[in-house]
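Everything numeric in this text was worked out from a predicted model, so none of it was measured.
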Amino acid sequence: MPSPRRSAEGRALGAPAACSSPGSPAHGGGGGRFEFQALLGTRAPGADPTCARLRAGESPVHRRGSCPPAGPGPAPALPGPPPEETRLNLNPSFLGIALRSLLAIDLWLSKKLGVCAGERSAWGSVRPLMKLLEVSGHGIPWLLGTLYCLARSDSWAGREVLTNLLFALLLDLLLVALLKGLVRRRRPAHNQMDMFVTLSVDKYSFPSGHATRAALVTRFILNHLVLAIPLRVLTVLWALVLGLSRVMLGRHNVTDVAFGFLLGYMQYSIVDYCWLSPHNAPVLFVLWSQP
């Protein structure tokens, strides 16, 4: 049996080991050796790995799930920025949002104004009158009427005006057909394809050929024909009502007609700049002057 002095020395040496179990040799149980107690006594207070791991696991940093400090090895690479396509999809531009909103408003307003699109529409009884306006703005009647008047004209001034009107109508047909073939915007879904003398490009909607022709002819007449004020007002009203009838019949959307008016207005500027006269195009006037 060990002496009281050895037991006291063993307890003094094993006192710092606070995390030892009661049956371990540090407490003198099981006949442990004093060399093991001496090794335990050489550790610094609180240097036990088990207790250190427990304290590290209970720290607020580990409870919040933060990453451990980086070791001596190379630091992990940070994730790079997202691809350009992803950034564009996640952050659409203001212009794209504005265009989509304008398109939605255009489709909604065109459907609301298409009150003559069919016989059973809200204003279906007015549809024959709208179709008569449609014929009045068609290209074929204007071309045939201009050619007839040009053949019957006996004055150089009249031939000059009619020749330039014919040039304006042909320019309008060319530009509208070109734009329709490029844009290829379909006509509204509520439209009935019962139009007067259509061509292959007439299945497309943008821009409205009737609107371009109405704006072009109206500006041409107001600048080159001497008309009384009531007739000038009626000419402007004809152009506006013709453009409105295109939407009411369901032939076009609102933006088709609006752009058509703008394009027709600009076309006259081209015609006025390239004005044909006996001085710069004598061959044309000689042909028309022959019997």
Side-chain angles (χ1 to χ4, degrees), residues 109-110 112-117 121-173 175-176 195-197 207-278 285 288:
L109 186 59
S110 302
K112 289 292 183 182
L113 292 176
V115 292
C116 301
S121 301
W123 289 16
S125 59
V126 192
R127 182 176 172 83
L129 179 60
M130 296 293 105
K131 294 189 70 174
L132 183 61
L133 277 172
E134 179 179 60
V135 175
S136 70
H138 199 276
I140 291 181
W142 278 98
L143 286 173
L144 294 179
T146 303
L147 289 173
Y148 176 78
C149 293
L150 189 58
R152 301 282 296 182
S153 178
D154 56 356
S155 65
W156 286 97
R159 289 172 186 169
E160 181 177 347
V161 172
L162 291 171
T163 300
N164 284 275
L165 179 59
L166 180 63
F167 167 64
L169 294 173
L170 293 176
L171 177 66
D172 173 67
L173 290 175
L175 291 181
V176 170
M195 295 178 290
F196 175 74
V197 188
S208 170
H210 283 71
T212 59
R213 195 170 301 110
L216 172 63
V217 170
T218 298
R219 194 176 177 194
F220 190 96
I221 290 175
L222 294 180
N223 282 275
H224 295 285
L225 293 183
V226 180
L227 298 176
I229 293 179
L231 291 178
R232 298 172 72 89
V233 172
L234 286 177
T235 304
V236 175
L237 287 179
W238 167 79
L240 295 176
V241 174
L242 178 62
L244 180 61
S245 69
R246 307 307 292 161
V247 183
M248 296 176 65
L249 284 171
R251 307 294 197 211
H252 294 278
N253 296 304
V254 176
T255 51
D256 303 335
V257 176
F259 185 82
F261 279 139
L262 178 62
L263 180 61
Y265 189 88
M266 295 172 61
Q267 282 177 353
Y268 174 78
S269 300
I270 299 176
V271 174
D272 188 58
Y273 180 79
C274 303
W275 187 263
L276 303 176
S277 66
F285 294 91
W288 292 117

Is the backbone N or O of [Y] less than 3.5 Å from a side-chain atom of [X], with the two atoms forming a donor-acceptor pair by type?
X    : Y    : value
D256 : S208 : no
T235 : L231 : yes
T218 : A215 : no

What is the minimum heavy-atom distance between [X] and [Y], and which atoms define it?
X    : Y    : result
D172 : Q267 : OD1-OE1, 3.0 Å
S277 : E160 : CB-OE2, 3.8 Å
I140 : H138 : N-ND1, 3.1 Å
M130 : C116 : CG-SG, 4.1 Å
V247 : N253 : CG2-O, 4.1 Å
G209 : V176 : CA-CG1, 4.0 Å

Is there side-chain contact between [X] and [Y], with heavy atoms separated by less than 4.5 Å?
X    : Y    : result
R246 : L133 : no
R159 : P278 : no
L173 : L143 : yes

Nearest-0.5 Å distance that lies between atom [atom1] in [X] and atom [atom2] in [Y]:
X    : Y    : atom1 : atom2 : result
L222 : L227 : CG    : CG    : 7.5 Å
E134 : M195 : CD    : CE    : 7.0 Å
R127 : L249 : CZ    : CG    : 5.5 Å
L175 : T212 : CG    : OG1   : 8.5 Å
L113 : S245 : CG    : OG    : 12.0 Å
L150 : T163 : CG    : OG1   : 4.5 Å

Can you give the donor-acceptor pairs under 3.5 Å from side chains of residues 236-244 to other protein atoms, not counting sequence neighbours?
residue : atom : partner : partner atom : Å
W238    : NE1  : S136    : OG           : 3.2

* To do: Could you give me the CA-CA distance, side-chain angles and deciding distance for F220 and V161, then say whether side-chain contact (heavy atoms from CB on, under 4.5 Å) is met?
  => CA-CA 9 Å; F220 190 96; V161 172; 3.7 Å; yes
* To do: Let me see the working for S269 and R219 under side-chain contact (heavy atoms from CB on, under 4.5 Å), right down to the final yes or no.
  => CA-CA 10 Å; S269 300; R219 194 176 177 194; 3.1 Å; yes
* To do: Given side-chain contact (heavy atoms from CB on, under 4.5 Å), test L165 with I221 step by step and report yes or no.
  => CA-CA 9 Å; L165 179 59; I221 290 175; over 6 Å; no
* Give the ring-plane orientation class for W275 versus H224, where under 30° counts as parallel, over 60° as perpendicular and anything between as tilted. => parallel
* Could you give me the CA-CA distance, side-chain angles and deciding distance for L169 and V217, then say whether side-chain contact (heavy atoms from CB on, under 4.5 Å) is met? => CA-CA 8 Å; L169 294 173; V217 170; 4.1 Å; yes
* **Neighbour count >12 (heavy atoms, 6.0 Å) for atom CD1, I229** =>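 It does not: I229 CD1 has 12 such atoms or fewer within range.
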* F196 atom CZ, neighbour heavy-atom count above 12 within 6.0 Å -> yes
